[in-house]
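Chain naming here is simple, since letters A, B, ... match the order of the sequence lines and numbering starts at 1 in each. Below, each value reflects all heavy atoms present in this structure, side chains not excepted, and no hydrogens, waters or symmetry copies.
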Amino acid sequence: MRLSKSFIPTLKEVPAEAVIPSHILMIRSGLVRQLSAGIYTWLPLGYKVIRKIMDIIREEMNAIGGQEFHYPALNPKEIWEQTGRVEAFGDILFHIKNREYVLAPTHEEIVAYHAKGAVVSYKDMPQIWYQIQTKFRNEPRPRSGVIRGRQFIMKDAYTLDRSFEDLDKAYDLHDKAYRKIFDRCGLKYFVVGASSGAMGGSKSEEFMVKSDAGEDTVAYCEKCGYAANVEVAQSVSTNAKRHNESKPPYEISTPNVKSIDELCEFLKIDEHETAKSRVYVHDGVPVLVLMLGNDEVNESKLGSVLGGNVRSCHPDELKEISGADAGSIGPIGFKYRIIADNLLKDANNLYSGANKNDYHIGGIDLQRDVPGTEYFDLRTVESGEKCTRCNSTLEVFKAIELGHIFKLGTKYSEALGVMYLDEHGKEHPIVMGSYGIGVERIFACYLEQNYDDKGIIWKKPLSPFDIQLIGLNMKNATVTEASEKIYNDLQKQGYEVLFDDRTDVSAGFKFNDADLLGMPVQVIAGEKNLKDGKVEVKLRATNEKQIVELSNLNVKLKELI
RNA sequence: CGGGGUGUAGCGCAGCCCGGUUAGCGCGCUUCGUUCGGGACGAAGAGGUCGGGAGUUCGAAUCUCCCCACCCCGACCA
């Protein structure tokens, strides 16, 4: 493609609305333009990359027996009501104003609808149905460029099986296919076991990429591959001690001592001798949560332990509940339910609040003094703690979810009555699986992982072009003739070439544009080298440059690409 | 939805606090000339409902009120 005739609006300056590297690069290199919050137009160069990603996904989905569909984005609301998901999605679901339609945020219902009455025998299964299509979600806050949009491209696949055993097989096929897809795209990713939430299924895995732009926080062990959302992650941590001798509880005057740090400083004790108190309200009833030292309560873990409705207590409620303000609350004399983190199990000689302002109590033996205490894992894993599997060091960081695979089970088939007959003529609901990949997220994650201060660094699989051919000074006849010939030759060799044939742009400008756009190889045709029958070949990734005989160019490129 | 910020030429910004000619600057764009291997130079140009509405005032980009859009943090996130 000729740059002089292409719409590739590169920008020298950083657009105000872009903050994260991938978003900045997409806009600066003319790949994408924003239309509205969370809604983007893919420009030709960007769409070329999108198509390459989609092709890789297609090849790998077809390889496991997937059949490509194209489901409608516009769906009758009625079907969504039958599965209760109009309510479940709430404001996230886009509603059409002048007809009873919704814009599909995913397609379980539609797959089940078409399977009904059509996939009727155990002989009709297994099936893998997938599509690559635009999805709509009314995100309350779109952000991070294309990473969280209101309209986005998703590959979604659905499996239909007769049994949970067969679903396991379909799930494993997708697990393997996903790894191939992300490997081929050149991404560094990891896999997290996750809870499947409102999708309504059992087992699920998330494929994730480490990134500050991510929306999830995960704990990851490089050594053994343990990865978990911090909402559920666990680590090896040291329990509070149980000393041979339990001191009797005694009150200590601690004027103006509120935090654990202050308490340790005031009493010259170690954090591990203290229990921090947090009060929550669970379905209207106060609960005291005790944590060892300065450990933070993990509210997701707390939520799943307690169930129901949990909120942290307002400061002005504390006095009435406990008799003291924050900083002086503790288990002794607390009149409601008390739960504690596992690390505090049966600890003694602890210091904690006295439920009386400016007083703490020492010599607390949880076994003896607070016998009703229930113990759970309630703490949040932090970077540097040890992995529960291999005892190596865990790292906690933000990550972007690229793909998610679920074992759905029979939720949708039962809701919509999608049944088949087994070999004994007995009726069963079809067992479904659901598997998504965010196409733009692959794009954004690739950029997050492959750029430098000059711009994008493409590798062959996703690069919109293999080669950027730069004709320097296209007003010079030698350069024009030679570069036109090279352009034709390279294309005949089967390379995708972006030819910078602009006549009105200086050399430096072309070099910088080429580095910004980031094709893996640059072929630079200038008067200086052409007069010796040579061109310069530059590798974008390493900035390695070599002068190559024109006659040897094809051989050289074969080595490089 | 809570908190913070921004909105002035295609892009990036100044001007606003303290109202007063014809609203500026850089980049980009057009024309001509020069230059031609690391974001060239000169000259001449085009381009603006100052986000929208209402108000205060002799006079509003500037002050007041309402609304909208976009960005960031949080909540939310099958």
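Remark: the separation of the P atoms in C41(B) and U22(B) is 34 Å, to the nearest Å. A distance of about 14 Å separates the P atoms of C16(B) and A61(B), rounded to the whole Å. The gap from the P atom of C18(B) to that of C63(B) amounts to 8 Å, rounded to the nearest Å. Separation of the C1' atoms belonging to C25(B) and U35(B) is 26 Å when rounded to the nearest angstrom. Using C1' as the reference atom, C17(B) and C76(B) are 38 Å apart when rounded to the nearest Å. G45(B) and G24(B): their P atoms are spaced 15 Å apart (whole Å). Taking the C1' atom of each, U8(B) and G47(B) are spaced 14 Å apart, rounded to whole Å. Only the C1' atoms considered, U62(B) is 9 Å distant from G15(B), to the nearest whole Å.
The distance between atom CZ of Arg148(A) and atom P of C76(B), rounded to the nearest whole Å, is 12 Å. Taking atom CZ of Phe7(A) as the reference point, atom P of G10(B) lies 14 Å away to the nearest angstrom. Going from atom CE of Met208(A) over to atom C1' of C77(B) covers 12 Å, rounded to whole Å. Atom CD in Glu139(A) sits about 13 Å away from atom P in C72(B), given to the nearest Å. When rounded to the nearest whole Å, the span between CG of Asp504(A) and C1' of U34(B) equals 15 Å. Rounded to whole Å, the distance from CD on Glu299(A) to C1' on C76(B) is 15 Å. Note: CZ (Arg441(A)) to P (C77(B)) measures 14 Å, nearest angstrom. When rounded to the nearest whole Å, the span between CG of Asp500(A) and C1' of C36(B) equals 14 Å.
Annotation: side chain to side chain contact (heavy atoms under 4.5 Å, CB included) contacts of Glu87(A) (sequence neighbours excluded): none.
Look at Arg502(A) and Asp504(A) and you find no salt bridge, because none of the NZ, NE, NH1 or NH2 atoms lies under 4.0 Å from a carboxylate O.
Both His23(A) and Met154(A) lie near RNA chain B, and the one whose nearest nucleotide falls closer to the 5' end is His23(A).
For C63(B), the paired base is G55(B) (Watson-Crick or G-U wobble, both distances below 3.5 Å). If you check A40(B) for Watson-Crick or wobble pairing at under 3.5 angstrom, you find it paired to U34(B). Across the strands present, C1(B) finds its partner in G74(B); the criterion is a Watson-Crick or G-U wobble pair with both atom distances under 3.5 angstrom. Partner assigned to G45(B) is C29(B), using Watson-Crick or G-U wobble distances below 3.5 angstrom. Pairing of U22(B), defined by two Watson-Crick or G-U wobble distances under 3.5 Å, is not identified with any nucleotide. The partner of A69(B), taking Watson-Crick or G-U wobble pairs whose two distances both stay under 3.5 Å, is U6(B).
Open room surrounds CD on Glu78(A); 12 or fewer heavy atoms of other groups in view lie less than 6.0 Å from it. Open room surrounds OH on Tyr101(A); 12 or fewer heavy atoms of other groups in view lie less than 6.0 Å from it.
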Full working for ring pair (Phe, Tyr, Trp, His ring centres under 6.0 Å) between Phe397(A) and Phe190(A): CA-CA 12 Å; Phe397(A) 48 74; Phe190(A) 58 94; 5.6 Å; yes
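No engagement by Met474(A) is indicated, since no non-hydrogen atom pair under 4.0 Å with the nucleic acid exists. As judged by a 4.0 angstrom heavy-atom cut-off over every strand, Glu17(A) is placed among residues touching the sugar-phosphate backbone only. Nucleic acid contact class of Gln34(A) (heavy atoms, under 4.0 Å, all strands): sugar-phosphate only.
Checking side-chain atoms of Gln133(A) against main-chain N and O of Tyr71(A) turns up a donor-acceptor pair under 3.5 Å.
With C70(B), G12(B), A75(B) as the candidates, the nucleotide lying closest to the side chain of Arg141(A) is A75(B).
For the pair Arg143(A) and C76(B), the criterion of a side-chain N or O lying under 4.0 Å from OP1 or OP2 is not met. Between Ser36(A) and C70(B) there is a side-chain polar atom (N or O) within less than 4.0 angstrom of OP1 or OP2.
The shortest non-hydrogen separation linking Leu93(A) to Val102(A) is CD2-CG1, 3.7 Å.
Tyr178(A) and Phe182(A) have perpendicular rings, their planes meeting at more than 60° on a 0 to 90° scale where under 30° would count as parallel.
Counted by atom type alone, Glu231(A) and Asn298(A) present zero donor-acceptor pairs between their side chains at under 3.5 Å.
A donor and an acceptor atom never sit less than 3.5 Å apart when one is taken from the side chain of Glu13(A) and the other from the base of G28(B).
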Could you run through nucleotides 37-47 of chain B and give me one letter per nucleotide, 5' to 3': B if any protein heavy atom sits under 4.0 Å from the base, S if only the sugar-phosphate is that close, - if neither? BBBS-------
